[in-house]
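Written below as structure tokens is the structure these notes are about.
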Amino acid sequence: MHVSDLTGRELEALIAEALGEPAGANYLDSWPRLDRVLERHAIQVAPMPGKDWMWCAVVVGRPGGLPPGPWIEGSNPRLAVGRAIVAARFGKDLERR
């Protein structure tokens, strides 16, 4: 499965695992302390005009944080950031976990 295809509870569980947090958070609807996650892991997120304003995110990475990862798209910033976090930790292509 490709990270770019992940949504819903499956994506939320992988986000929690990638961040070392307990499962059960609702990352895709309301993400408490998202600003701290962006800063801690040096994550960039922005709408891309050349992609019809699709949101794109990338983990640039910092010492002690997530490793750098690929650019990942999503229909909103939380979805793009969540996918970018999972891709940085586990790679863009996932085996069924």
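- No side-chain heavy atom of H2 sits under 4.5 Å from any side-chain heavy atom of L94.
- Using a 4.5 Å cut-off on side-chain heavy atoms (C-beta onward), R62 and E39 make contact.
- Taking CZ of R33 as the start and CD of E21 as the end, the distance is 6.5 Å to the nearest 0.5 Å.
- Note that CG of D5 is 11.0 Å distant from CG of L11, once rounded to the nearest 0.5 Å.
- Across all their heavy atoms, K92 and P70 have their closest contact at CG-CG, 3.3 Å.
- A heavy-atom distance below 4.5 Å is found between the side chains of P67 and R89.
- Note on V86 and M1: same hydrophobic cluster, where clusters join Ile, Leu, Val, Met, Phe, Trp and Tyr whose side-chain heavy atoms are under 4.5 Å apart, directly or indirectly.
- The cluster map of Ile, Leu, Val, Met, Phe, Trp and Tyr, joined by side-chain heavy atoms under 4.5 Å apart, puts M48 and V3 in different clusters.
- Between the side chain of H41 and the backbone N or O of G65, no donor-acceptor pair lies under 3.5 Å.
- Contact annotation: the side chain of I15 approaches that of W31 to within less than 4.5 Å [non-hydrogen atoms, C-beta and beyond].
- The nearest pair of heavy atoms linking C56 to K51 is SG-CD, 3.9 Å.
- Residues E17 and F90 are in side-chain contact: their nearest non-hydrogen atoms beyond the backbone lie under 4.5 Å apart.
- Taking CD1 of I85 as the start and CG of L66 as the end, the distance is 6.0 Å to the nearest 0.5 Å.
- One distance of note links CZ of R83 with CG of L14; it measures 12.0 Å at 0.5 Å rounding.
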Practice prompt. Apply side chain to side chain contact (heavy atoms under 4.5 Å, CB included) to W55 and V45, showing your working.
Written response: CA-CA 7 Å; W55 285 89; V45 59; 3.8 Å; yes
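- Residues L28 and N76 have side chains not in contact (no heavy-atom distance under 4.5 Å, counting atoms from C-beta outward).
- For the pair P68 and V60, the minimum side-chain heavy-atom distance is 4.5 Å or more.
- Between R9 and E12, at least one side-chain nitrogen of the basic residue sits less than 4.0 Å from a carboxylate oxygen of the acidic one, meeting the salt-bridge criterion.
- Contact check for V58 versus I72: no side-chain heavy atoms found under the 4.5 Å cut-off.
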